[in-house]
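Data first, discussion second: the structure below is written as structure tokens.
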Amino acid sequence: MQAIESSKLKITPLAAFNDNYIWIIAQDGNQSVYVVDPGDAQGVIDYLDTEQLQLAGILITHHHHDHTGGITKLLAYAGQQIEVYGPDSENITNLNSPIATNIQSHIKLKQFKLRVDIIPLPGHTLGHIGYLVAGELFCGDTLFSGGCGRLFEGTPMQMHDSLMTLSRLPAETRVYCAHEYTLANLDFALSVEPTNPELIQYHELCLNKRSKQVATIPTSIATERNINPFLRCNADTIKASVNQHFMQNASDPVDTFALLRQWKDNF
């Protein structure tokens with residue numbers, strides 16, 4: 001799959017399972033790479049061998065097996081001590097560089113000499129975190145294009161707060177989530193807000209991409225602010241649609257979010 005390049009990084013998606021993305025983070029002139037949420041090790045190993053790259057470290061957003069299942073095999077493949085970052089409050093085997101999940105903090109990718117800001121994102125799981133590096137956001141299963149993760153452990157308020165934290169990032173921030181859920185999310189978004197012109201246009205763009213087997217990810221914070229109903233719970237159109245669907249009169253954005261997530265869960 002095609003790599004995405006920025007001024008500081010080269011980011012390559014590796015498809016895994018039915019719809020997962022594992023992200024490889026590289027830097028020009030550097031043979032070391034970092035991998036984000038390697039649920040499967042073999043695809044990563046094949047890529048590293050083909051490209052003659054070395055694994056410098058692993059970044060984990062949360063404990064679910066489709067994000068962590070490859071860690072043990074990758075550590076054995078690396079043949080040396082590498083850093084495995086992830087949330088300290090979740091049960092993740094072979095995590096050797098735990099990150100506090102209750103405060104914003106930062107780490108350094110030593111091989112790249114780059115700072116990575118850590119963003120606590122409770123909701124999908126209680127200890128979920130995101131990694132922001134050089135304007136690129138790796139957010140696991142919190143924010144998807146056109147949607148958000150299910151609430152397996154957290155509350156609607158936690159997830160809404162996490163999404164609002166992400167929505168306040170700079171508009172140009174690119175968003176690398178862990179699943180190709182975009183078309184299904186947009187089908188739901190269009191049922192909630194069928195007259196949103198930006199959403200209609202984006203849907204056509206994504207349909208065209210997927211017809212060519214092109215990834216719809218990364219998206220951007222700017223795009224998601226305009227088309228993602230879960231970031232738009234303050235919008236009158238979203239509130240009206242949710243209230244009509246549930247025959248309620250919710251006005252608080254957290255209440256609107258909770259109903260919207262319930263609607264999506266049963267869509």
Side-chain angles (χ1 to χ4, degrees), residues 19-21 23 36-37 39 59-68 85-92 95 98-106 116-132 136-169 173-182 184-186 188-189 192 217-221 223-225 227-235 238-239 242 246 250 252-267:
D19 49 38
N20 279 69
Y21 287 131
W23 297 103
V36 182
D37 284 349
L59 309 179
I60 300 295
T61 60
H62 65 292
H63 67 83
H64 287 160
H65 187 71
D66 63 322
H67 297 250
T68 63
Y85 293 98
D88 66 352
S89 61
E90 299 201 342
N91 184 19
I92 300 172
L95 190 72
I99 296 170
T101 60
N102 60 341
I103 57 170
Q104 291 203 6
S105 59
H106 69 272
V116 181
D117 290 310
I118 306 300
I119 308 174
L121 298 173
H124 181 67
T125 67
L126 289 177
H128 200 300
I129 58 177
Y131 299 88
L132 181 64
E136 318 288 340
L137 171 69
F138 299 90
C139 59
D141 288 356
T142 297
L143 174 64
F144 298 126
S145 189
C148 72
R150 288 178 179 265
L151 304 184
F152 287 117
E153 298 173 13
T155 65
M157 179 174 287
Q158 285 177 315
M159 187 60 133
H160 180 261
D161 287 349
S162 293
L163 292 172
M164 291 302 96
T165 295
L166 296 182
S167 74
R168 289 190 289 269
L169 292 173
T173 304
R174 287 192 284 199
V175 178
Y176 300 82
C177 57
H179 292 276
E180 182 59 70
Y181 287 165
T182 306
N185 286 337
L186 296 182
F188 173 70
V192 176
I217 310 301
T219 179
S220 71
I221 292 297
T223 295
E224 297 308 308
R225 286 176 188 165
I227 63 93
N228 191 324
F230 294 98
L231 296 190
R232 295 168 52 76
C233 291
N234 266 323
I238 301 295
K239 290 179 182 178
V242 167
F246 287 97
D252 181 82
V254 174
D255 292 338
T256 301
F257 172 81
L259 291 170
L260 191 64
R261 185 61 256 182
Q262 181 182 334
W263 186 357
K264 178 65 166 64
D265 288 344
N266 296 288
F267 184 68

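Numbers here are sequence positions counted from 1.
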Handout entry: Interatomic spacing from CG in Asn234 to CE in Met164 - rounded to 0.5 Å
Key = 7.5 Å
Exercise for the section: Drop me the distance from Asp117's CG to Ile129's CD1, to the nearest 0.5 angstrom. Expected result: 12.0 Å
Practice task
To the nearest 0.5 angstrom, please state how far the CG atom of Asn228 sits from the CG atom of Leu163.
Solution key: 7.5 Å
Problem - Side-chain touch Leu151/Arg261, heavy atoms, less than 4.5 angstrom - result: yes
Handout entry: Side-chain heavy atoms of Cys148 within contact of Phe257, under 4.5 Å
Key = yes
Problem - Trp23 side chain reached by Ile217 side chain, heavy atoms, under 4.5 Å - result: yes
Practice task
Assess the pair His160 and Phe230: is the distance between their ring centroids shorter than 6.0 Å?
Solution key: no
Practice task
Report the C-alpha distance between Glu90 and Thr125 in whole Å, list the side-chain angles of each, state the deciding distance to 0.1 Å, and finish with yes or no for side-chain hydrogen bond (donor to acceptor under 3.5 Å, both in side chains).
Solution key: CA-CA 9 Å; Glu90 299 201 342; Thr125 67; 2.6 Å; yes
Fill in the blank from the handout: Result for ring-ring contact (aromatic ring centres under 6.0 Å, His included) between Tyr176 and one of Tyr21, Phe138, Phe144 points to Phe138
Fill in the blank from the handout: When rounded to the nearest 0.5 Å, the distance separating CG of Asp161 from OG1 of Thr155 is 7.5 Å
Practice task
Please check if the side chain of Thr256 supplies one atom and the backbone of Asp252 the other of a donor-acceptor pair under 3.5 Å.
Solution key: yes
Problem - Side-chain heavy-atom pair Pro122, Thr101 within 4.5 angstrom cut-off - result: no
Fill in the blank from the handout: Shortest non-hydrogen pair, Gly127 vs Ser89, comes out as CA-OG, 3.5 Å
Completion exercise
Test side-chain contact (heavy atoms from CB on, under 4.5 Å), reference Leu166, set Val175, Leu121, Leu132, output is Leu121
Practice task
Compare all side-chain heavy atoms of Leu260 with those of Val192 and state whether any distance is below 4.5 angstrom.
Solution key: yes
Exercise for the section: Please round to the nearest 0.5 Å and tell me the distance separating atom OG1 of Thr142 and atom CD1 of Ile119. Expected result: 9.5 Å
Exercise for the section: Please report the shortest heavy-atom distance between Leu95 and Pro87, naming the atom on each side. Expected result: CD2-O, 3.5 Å
Practice task
Using only heavy-atom distances, determine whether the side chains of Glu224 and Ser167 contain a donor-acceptor pair under 3.5 Å.
Solution key: no
Exercise for the section: Applying side-chain contact (heavy atoms from CB on, under 4.5 Å), run through Ile99 and Ser105 and close with a yes or a no. Expected result: CA-CA 8 Å; Ile99 296 170; Ser105 59; 4.0 Å; yes
Handout entry: Any side-chain heavy-atom pair of Asp265 and Arg150 under 4.5 Å
Key = yes
Practice task
State, with a plain yes or no, whether a side-chain heavy atom of Ile103 is found less than 4.5 Å away from one of Ile118.
Solution key: no
Handout entry: Pair Cys139-Tyr131, side-chain contact (heavy atoms from CB on, under 4.5 Å): steps then yes or no
Key = CA-CA 7 Å; Cys139 59; Tyr131 299 88; over 6 Å; no
Completion exercise
Rounded to the nearest 0.5 angstrom, the NE2-CD1 distance for His64 and Ile92 is 10.0 Å
Exercise for the section: Measure up the His128 and His62 rings against each other and bin them: parallel (under 30°), tilted (30 to 60°), perpendicular (over 60°). Expected result: parallel
Problem - side-chain contact (heavy atoms from CB on, under 4.5 Å) between Asp37 and Leu59, intermediate numbers included - result: CA-CA 6 Å; Asp37 284 349; Leu59 309 179; over 6 Å; no
Handout entry: Which atom of Met159 lies closest to which atom of Gly149, heavy atoms considered
Key = CE-O, 3.3 Å
Fill in the blank from the handout: For Gly146 and Leu186, the nearest pair of non-hydrogen atoms, with its separation, is CA-CD2, 4.0 Å
Problem - Any donor-acceptor pair under 3.5 Å from Arg232 side chain to Lys239 backbone - result: no
Fill in the blank from the handout: Residues Cys233 and Pro253: closest non-hydrogen pair is CB-O, 3.6 Å
Problem - Residues forming a side-chain contact (heavy atoms from CB on, under 4.5 Å) with Asn20, sequence neighbours excluded - result: Ala16, Phe17, Asp66, His67, His179
Completion exercise
Across all chains, not counting sequence neighbours, the side chain to side chain donor-acceptor pair (under 3.5 Å) partners of Thr182 are Glu180, Thr216
Problem - Backbone N/O of Gln158 and side chain of Ser162: donor-acceptor pair under 3.5 Å - result: yes
Practice task
Step by step, work out the side-chain contact (heavy atoms from CB on, under 4.5 Å) result for Lys264 and Asn185.
Solution key: CA-CA 9 Å; Lys264 178 65 166 64; Asn185 286 337; 3.5 Å; yes
